[in-house]
Undergrad: 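Below you'll find the structure I mean.
In each ligand, atom 1 is the first atom listed, and ligand 1 is the first ligand listed. Note that the coordinates shown come from a computational prediction; the quantities given were computed from them, not determined experimentally. Note: hydrogens, waters and symmetry copies are ignored here, and every other heavy atom, side chains too, is used. The chain is numbered in sequence order, starting from 1.
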Amino acid sequence: MCGIIARVGDGNATETLLSGLENLEYRGYDSAGIAVQNGSGVKVHKCSGDVSDLESTLDSRPSGNVGIGHTRWSTHGPPTDENAHPHTDTAGDVAVVHNGVIDNYDQLRTELQANGHVFESDTDTEVIPHLIDEYRETTGDTEQAVRRAVDTLEGSYAIAAIVDGEERIYAARKGSPLVLGVDDEEWFLASDVPAFLEYTDEVIYLEDGDLVVLEPDSYRLTDLEGNPIDRSVDTVDWDPKDAGKGEYDHYMKKEIHSQPTALSNTIEGRIDDGDVDFADLPPGAFADVESVQLVACGTSYHAAMYGGQLLRAAGIPATALRASEYESVAGPVDENTLVVAVTQSGETADTLEAVRTGSARGGRTLAVTNVVGSTAARETDEAIYIRAGPEVGVAATKTYSSQVVTLALLSQRIAADVPDATPADDRAAMLDALADLPRHVETVLETSRAETLAAETLESEAYVFVGNGFGHSVALEGALKFKEITYEHAEGFASGQLKHGPLALVTEETPLFAVCTGGDDEKTKTNAIEARSRGAPVVAVGPDDHPLCDVADAHLSVPETHPVWAGLLANVQLQLLSYYAAKLLERPIDKPRNLAKSVTVE
Ligand code: F6R
């Protein structure tokens, strides 16, 4: 939710800010802005719309070697020019960008207004530059003023501020991500690494309570009391070209097509002699685990369902829980409960809250995430990375596949460690088949008929997705992806549930996508027959000679493989279906309306 970038160094900051914002647009895209400082005042340029709209308002590149930028996903106030960041104090000497939510802004605003501060927006953020200005008056020192200002704020924030006449950036974080990029000649701050990856891969992940001051030739990190702190510099192993669209029209298509590579990276070095080996979690690491709770939201929840099913199949009590419901559905938790946060970004507020609750109740916590240094990775007892590389399209694609594979590996690692568990009888066959998965995804991408099918079914009233077992979670994910980027009505159901109500929706105008995996697909086949007899076009999504193909009108084919992986391959077909339907409908595929990739508010 919202992306921020800041840069200080020699030369003009504007290009870096604009390209950084483009790479952060997945975090919000309803307004954008930059502010630069060049010794003759702080210059702010902002507007509603996305970064390209901002660029078109700039006659020339504003000059200044120190700057901040923001791309917004609205929380307080509609996406207007006034509500776009950066925000300034009354005189326009202090400019601030902010990601997060200030809970006590109302009270602060009233107090500041009583002291003569004039506000121009509806946002919670605007109190921050006014507070800094107020405390500069009283302390005579900007760094102290920033420290006092953030100390006054309640809620969550990652902020970056610039001040007229100072060649510096001040920044702080609490509850919202902020990462420092370290280069020989310039420094960067951003909500996420892709914002500056083309310039440096050396990073420092800031932590809650950190305050940083960047100058052209140095940076200083302190806590809120002003005590110096030391943080290690990490090297990110993401490729800068991963951050751009490359030859593709959309990030989503690029990310769908990069799944063979992403999956190879997910698997690499983790299967050793028919066993699963996570370097930091050696055999025996999970010997005490008696039950597993997988907490997640949206697409990650669908991946968690997949993982939960594999764990249960191995005899380990496991549940996938919607993170937003965790408080009321978690049930008993103790030190033998493993609470797994499944989160691509590692920053989803509901997922973080759930895993914190699990930890407070005595559970052991683990993050399965894509983002090194993310809040989930730092706050949990252990982390396993899915290694999918940066995902920019708002609709999660490659990270879902890498999550499923990571969770499948985790399930077999836990099953091998827990004395009473029964690792999949055919574990060797399943892990062998995993080695072929990247190649099978490649085949799906090369041979898919999803584009044709998307065109043939485009005029439908609604889209129904059904499946059983692994196919159920894939059906839910297929429907989520479809509605998310096409804005068409799509619903996913467990096959056995169709006749308990949803069948009333099925007509000649509602194609039914039946996900079959080669596992227990009988109920799904029954659904297909029932839907077809009511005139609905039926599309089988699964292996070629599957019995479901006999009762279907069309087929999205997946290569023959182990049933555990057939669902994942079927999902790749459904990703392509959604993509092409959205393309034909001319939807803004990478930035669907009202959504943001990283949902950092509850
Ligand atoms: C849908 C989508 C979302 C995310 C959800 C959780 O395509 O991307 O449903 O899966 O917001 O995000 P993470 O995995 O970052 O916790």
Undergrad: Of all the atoms in ligand 1, which lie at a distance below 4.0 Å from a heavy atom belonging to Lys481?
TA: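 Under 4.0 Å from Lys481, ligand 1 has these atoms: 1 (C), 7 (O).
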Undergrad: Going by atom types alone, do Ser448 and Gln573 pair a side-chain donor with an acceptor below 3.5 Å?
TA: yes
Undergrad: Any side-chain donor-acceptor pair under 3.5 Å between Asp350 and Thr348?
TA: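 There is no such pair (donor and acceptor under 3.5 Å, judged by atom type) between the side chains of Asp350 and Thr348.
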Undergrad: What protein heavy atom lies closest to atom 13 (P) of ligand 1? Include the residue and the distance to one decimal.
TA: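 In this structure, atom 13 (P) of ligand 1 has Thr348 OG1, 3.2 Å as its nearest protein heavy atom.
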Undergrad: Please report whether ligand 1 has a polar contact with Val342, defined as an N or O pair separated by less than 3.5 Å (distance criterion only).
TA: no
Undergrad: Does Thr351, backbone or side chain, put an N or O under 3.5 Å from an N or O of ligand 1?
TA: no
Undergrad: Taking atom CZ of Arg322 as the centre, report whether more than 12 heavy atoms of other residues, nucleotides or ligands fall under 6.0 Å from it.
TA: no
Undergrad: Would you say Leu595 contacts ligand 1, with heavy atoms under 4.0 Å as the rule?
TA: no
Undergrad: Is there a side-chain contact between Asp208 and Arg173 (heavy atoms, below 4.5 Å)?
TA: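 Yes - at least one pair of side-chain heavy atoms lies under 4.5 Å apart.
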Undergrad: For atom 11 (O) of ligand 1, what is the closest protein heavy atom, and at what distance to 0.1 Å?
TA: Val599 CG2, 4.0 Å
Undergrad: Hey, does Glu347 sit under 4.0 Å from ligand 1 if you only count heavy atoms?
TA: no
Undergrad: Identify, by atom number and element, the atoms of ligand 1 in contact range of Ser300, meaning under 4.0 Å from any of its heavy atoms.
TA: 10 (O), 13 (P), 14 (O)
Undergrad: What residue and heavy atom of the protein are closest to atom 15 (O) of ligand 1, and at what distance?
TA: Ser345 OG, 2.6 Å
Undergrad: Identify the closest protein heavy atom to atom 5 (C) of ligand 1: which residue and atom is it, and at what distance?
TA: Cys297 O, 3.6 Å
Undergrad: Sequence neighbours left out, what passes salt bridge (charged side-chain N to carboxylate O under 4.0 Å, His left out) with Arg387? Give chain and number order.
TA: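 Expected list: none.
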Undergrad: Should the proximity of Thr399 to ligand 1, defined as any heavy atom under 4.0 Å, be assigned to the side chain, the backbone, both, or neither?
TA: neither
Undergrad: Give the residue, atom name and distance (to 0.1 Å) of the protein heavy atom nearest atom 3 (C) of ligand 1.
TA: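 Atom 3 (C) of ligand 1 sits closest to the protein heavy atom Thr299 N, 4.0 Å.
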Undergrad: Whether the side chain of Gln259 engages the backbone of Ile256 through a donor-acceptor N/O pair (distance < 3.5 Å, no angle test) should be reported.
TA: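 Yes; judged by distance alone, with no hydrogens or angles, the pair exists.
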Undergrad: Do we see a donor-acceptor contact under 3.5 Å between the side chains of Thr235 and Glu202?
TA: yes
Undergrad: Using a 4.0 Å cutoff against the non-hydrogen atoms of Ala395, which atoms of ligand 1 qualify?
TA: 7 (O)
Undergrad: Which side-chain N or O atoms in residues 472-479 pair as donor and acceptor under 3.5 Å with protein atoms at least two apart or in another chain?
TA:
residue, atom, partner, partner atom, Å
Ser473, OG, Phe470, O, 3.0
Glu477, OE1, Thr299, OG1, 3.0
Glu477, OE1, His302, ND1, 2.8
Glu477, OE2, Thr299, OG1, 3.2
Glu477, OE2, Lys481, NZ, 2.8

Undergrad: Assess, by modelled atom type and distance only, whether the side chains of Thr319 and Gln293 contain a donor and an acceptor separated by less than 3.5 Å.
TA: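 Side-chain D/A pair, Thr319 to Gln293: absent.
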